[in-house]
Number of protein chains: 2
Amino acid sequence: MKRPTIADIARQAGVSKGAVSYALNGQPGVSESTRQRILAIAREIGFNPNSAARALSGATANAVGLALRRPARTLGVEPFFMELISGVEAELSARSYALTLQIVADAQTEIAVYRRWWGERRIDGVFLCDLRVDDERVPALEELNLPTVVIGGPGHTGRLASIWADEEAALVETVEYLVALGHRRITRIGGLPGLLHTEIRTEAFTEVCRRLGLDQTRTVPSDYTGEEGARVTRRLLSSAERPTALIYDNDVMAIAGLAVAQEMGLSVPADLSIVAWDDSPLCQLVHPPLTALSRDIPAYGAHAARRLLAAIAGDPITSYQDETAHLTPRGSTAPPRPTPPPTPSAI
Amino acid sequence: MKRPTIADIARQAGVSKGAVSYALNGQPGVSESTRQRILAIAREIGFNPNSAARALSGATANAVGLALRRPARTLGVEPFFMELISGVEAELSARSYALTLQIVADAQTEIAVYRRWWGERRIDGVFLCDLRVDDERVPALEELNLPTVVIGGPGHTGRLASIWADEEAALVETVEYLVALGHRRITRIGGLPGLLHTEIRTEAFTEVCRRLGLDQTRTVPSDYTGEEGARVTRRLLSSAERPTALIYDNDVMAIAGLAVAQEMGLSVPADLSIVAWDDSPLCQLVHPPLTALSRDIPAYGAHAARRLLAAIAGDPITSYQDETAHLTPRGSTAPPRPTPPPTPSAI
DNA sequence: CTGAAAGCGCTTACAG
DNA sequence: CTGAAAGCGCTTACAG
């Protein structure tokens with residue numbers, strides 16, 4: 001049994017295929033009464049427009065692409081992407097757009113995927129994630145003339161549309177809070193170097209520490225994985241002048257850091273305060289619950305999707321600033337234990 | 001500048017469009033020398049076949065669909081799906097198949113999505129996740145005649161292909177291990193009731209406990225979320241005869257349970273042993289690291305993808321048993337603390 | 001407001 | 001082994 005086409009509808013309605021097309025797409029060219037008749041028939045016989053035929057006739061593919069360059073195991077534990085994707089999805093499916101997903105190994109493969117998708121007319125636009133400083137994907141996408149929304153910035157996005165958040169403001173709020181609690185020895189465990197938002201945060205951290213006159217602060221690079229977060233934390237907590245507060249660039253590393261503190265017999269928050277960047281439900285599943293920088297990731301994804309659809313529709317390219325993450329204090333931060341007075345033997 | 005088509009290649013090569021098509025697709029009908037010439041030209045001018053045109057000519061869509069019915073926040077913290085997807089992806093992209101992803105609210109919407117995708121010829125097949133007992137999606141997909149691989153089973157999959165793992169064997173291994181350690185009061189915190197694998201595990205747990213003569217065991221239903229896992233754990237640990245060992249149906253609940261134990265001043269594993277089902281990297285990021293039921297989820301996804309491609313190719317429908325999860329003992333399990341001898345007043 | 005027709009870029013019998 | 005042609009199911013000017 002063949003699936004119904006507009007020809008079937010046209011035959012049943014006694015009109016031309018063109019009329020059916022106009023009726024189905026809400027175009028002028030048919031009277032309201034025939035439009036209703038046509039729609040009723042379409043519904044009755046379970047008609048779905050063949051997306052290939054539609055795409056071939058110059059219309060859009062009604063799909064957008066998302067290529068992710070992260071190893072499988074990392075992707076799984078990082079709640080960020082699934083939340084982002086679900087926000088993107090909500091917006092896309094409301095407009096009957098499909099999301100095509102691909103996990104890639106490196107930048108060159110990623111660019112090749114974009115080129116192929118676009119060449120095959122499989123998609124109408126793409127999201128660019130994990131923006132890096134001087135990202136080679138940006139000029140490649142510009143050259144392809146492929147509608148794109150960069151999830152990241154500001155800057156380094158060329159002529160592409162972008163959506164970004166103020167990393168600096170969030171970091172300043174966090175550091176000022178820790179300083180207000182009495183912390184001086186604050187270390188930040190940074191995300192993957194080279195990623196734009198990592199670099200922005202690193203610079204902002206250096207800057208705010210200088211402004212506040214803190215001279216025992218620093219950023220230690222890491223890579224967002226729990227394993228590496230644990231390793232770095234173990235090293236930091238083993239040092240002579242160990243920090244009293246740690247800021248982690250994501251929640252997975254923060255959770256790993258908390259476990260290391262427990263493993264080393266340190267009490268959180270009495271001996272060590274911990275702040276997590278990104279506030280997935282994980283932060284509230286550990287004990288003590290983690291103070292975190294929260295923001296609505298699904299909403300971020302939805303905004304990105306809306307801007308990509310606008311870019312596809314030909315709207316002018318813009319850069320959009322999303323909500324700034326705000327500090328949500330929980331049980332992992334407190335004033336540092338007062339330094340014990342020097343023992344006689346130490347004098 | 002228009003994107004190149006086979007007509008452009010045909011003109012440059014001085015052959016017909018048909019010849020180009022044969023050459024590109026490795027079909028007989030062109031000599032080896034012209035095939036090479038055509039391929040060289042295609043490469044040179046950066047040709048990509050228009051997937052819409054290809055699909056319209058009766059070929060396949062070269063895409064498969066995956067609809068996920070879980071709330072955004074749950075999806076984000078559950079590492080299982082991202083790992084599954086990355087395994088699926090690896091297999092699909094090796095064969096130039098795209099993955100179309102959609103997050104849906106309920107079963108009816110999900111079925112509607114399948115119907116639309118299939119009607120629009122957007123996909124050649126789908127994965128069915130989170131199989132339930134007497135799942136209404138199964139007959140719907142059978143009726144659509146849409147190539148499907150059910151991720152779950154055995155049973156309840158109708159005439160659809162499926163891939164499943166032996167939940168019972170894994171559960172038996174776990175219970176026997178805990179009993180060998182000396183545990184008698186074992187409680188299992190189950191996943192969402194109604195999901196087939198939840199029900200299979202529940203029945204298997206009852207069965208093995210009966211066989212081993214354990215009469216202080218039970219399953220408490222939950223929903224896979226950390227919040228609910230924490231709530232249930234708090235209640236269990238507050239009861240008079242609290243269990244000495246807990247088996248959680250996923251790792252997120254296990255981690256939440258561990259935090260609750262810590263919050264209530266219980267020592268893991270001395271006062272309480274914990275086993276997590278599914279061994280994502282999260283299990284090793286907490287302290288103590290969790291004993292877990294491990295299996296290779298990306299491999300599971302890859303197998304599922306391979307079977308879906310086979311089903312699309314028209315291979316006979318089969319049910320495939322994947323690797324059984326195996327117990328990976330870590331720091332969260334130990335013999336229970338010996339019960340203190342009854343105090344005189346209790347006699 | 002409606003109908004007839006061309007065309008999107010492929011694939012695939014069908015002749016030579 | 002190769003070429004000319006029909007056809008997939010839509011959309012969209014172009015006539016009436």
Side-chain angles (χ1 to χ4, degrees), chain A residues 1-39 41-42 45-63 96 116-124, chain B residues 1-39 41-42 45-63 96 116-124:
Chain A
M1 174 195 99
K2 274 177 76 275
R3 271 170 273 185
T5 69
I6 55 167
D8 299 316
I9 302 176
R11 200 175 319 112
Q12 282 197 40
V15 299
S16 71
K17 294 192 304 173
V20 173
S21 176
Y22 291 137
L24 257 25
N25 296 307
Q27 301 279 352
V30 283
S31 67
E32 194 48 34
S33 61
T34 52
R35 183 190 304 278
Q36 290 307 332
R37 193 154 45 88
I38 288 169
L39 289 176
I41 294 172
I45 66 178
F47 171 78
N48 282 298
N50 180 318
S51 63
R54 204 166 236 186
L56 190 56
S57 295
T60 56
N62 285 306
S96 289
R116 183 167 56 78
W117 275 348
W118 186 232
E120 292 180 352
R121 296 239 190 271
R122 229 177 229 294
I123 47 128
D124 302 317
Chain B
M1 176 194 99
K2 275 176 74 280
R3 271 172 273 183
T5 70
I6 55 167
D8 299 316
I9 301 177
R11 201 175 317 112
Q12 281 197 41
V15 298
S16 71
K17 293 193 304 173
V20 173
S21 177
Y22 291 137
L24 256 26
N25 296 309
Q27 303 279 352
V30 283
S31 67
E32 193 48 35
S33 61
T34 52
R35 182 190 304 279
Q36 290 306 333
R37 194 154 45 91
I38 287 170
L39 289 177
I41 294 172
I45 66 177
F47 171 79
N48 281 299
N50 180 319
S51 63
R54 204 167 237 186
L56 190 56
S57 295
T60 56
N62 285 305
S96 289
R116 183 166 57 78
W117 277 347
W118 185 232
E120 293 180 349
R121 296 240 191 273
R122 230 178 227 295
I123 46 130
D124 303 317

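Chain identifiers are assigned alphabetically (A, B, ...) following the order of the sequence lines, protein sequences preceding nucleic acid strands; residue numbering begins at 1 within each chain.
Distance, A:D8 CG to D:dC8 C1': 14 Å, rounded to whole Å. The distance from atom CG of B:N48 to atom P of C:dG9 is 14 Å, rounded to the nearest whole Å. Distance, A:L56 CG to C:dG7 C1': 9 Å, rounded to whole Å. Going from atom CZ of B:R11 over to atom P of C:dC10 covers 12 Å, rounded to whole Å. For the pair B:R122 CZ and D:dG9 P, the computed distance is 17 Å after rounding to whole Å. Separating the CD1 atom of A:I38 from the P atom of D:dT11 is a distance of 12 Å, rounded to the nearest angstrom. Going from atom CH2 of A:W118 over to atom P of C:dG9 covers 14 Å, rounded to whole Å. Distance, B:I6 CD1 to C:dT11 C1': 8 Å, rounded to whole Å.
Once rounded to the nearest 0.5 Å, the distance linking OG1 of B:T34 with CG of B:L39 reads 9.5 Å. Taken from CG in A:N50 to OG1 in A:T5, the straight-line distance is 9.5 Å, to the nearest 0.5 Å. Separating the CZ atom in A:F47 from the CD1 atom in A:I41 is a distance of 12.0 Å, to the nearest 0.5 Å. Atom CG of B:L56 and atom CZ of A:R54 lie 13.0 Å apart (nearest 0.5 Å). Here B:Q12 contributes atom CD and B:I38 contributes atom CD1; the two are 11.5 Å apart, rounded to the nearest 0.5 Å.
Under the 3.5 Å distance criterion, the side-chain polar atoms of B:R122 are left unmatched by any main-chain donor or acceptor of A:S51.
OP1 or OP2 of D:dT2 lies within a sub-4.0 Å distance of a side-chain N or O belonging to B:T34. At the phosphate of C:dG9, neither OP1 nor OP2 sits under 4.0 Å from any side-chain N or O atom of B:R54.
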Read 5' to 3' with Watson-Crick or G-U pairs under 3.5 Å, [ ] for crossing pairs and | for partners on another strand, DNA chain C gives |||.||||||||.|||
If you look only at distance, which donor and acceptor atoms sit under 3.5 Å apart when one is on a side chain in residues 15-23 of chain B and the other is two or more places apart or in another chain?
| unit_1 | atom_1 | unit_2 | atom_2 | d |
| --- | --- | --- | --- | --- |
| B:S16 | OG | B:G18 | N | 3.4 |
| B:S16 | OG | B:A19 | N | 3.2 |
| B:S21 | OG | B:N25 | ND2 | 3.4 |

For nucleotides 12-16 of chain C, tabulate all protein N/O to nucleotide N/O atom pairs closer than 3.5 Å, reporting atom names and distance.
| unit_1 | atom_1 | unit_2 | atom_2 | d |
| --- | --- | --- | --- | --- |
| C:dA13 | N7 | B:Y22 | OH | 3.4 |
| C:dA13 | N6 | B:Y22 | OH | 3.0 |

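Looking at A:W117 and B:N48, their side chains never come closer than 4.5 Å, going by heavy atoms from C-beta outward. Within the 4.5 Å cutoff, no side-chain heavy atoms of B:E120 are placed close to those of A:N62.
Between A:V15 and B:A7, the residue whose closest nucleotide on DNA chain C is further toward the 5' end is A:V15.
Here C:dC10 is the nucleotide among D:dC10, C:dC10, D:dG3 with the atom lying nearest to any side-chain atom of B:A53.
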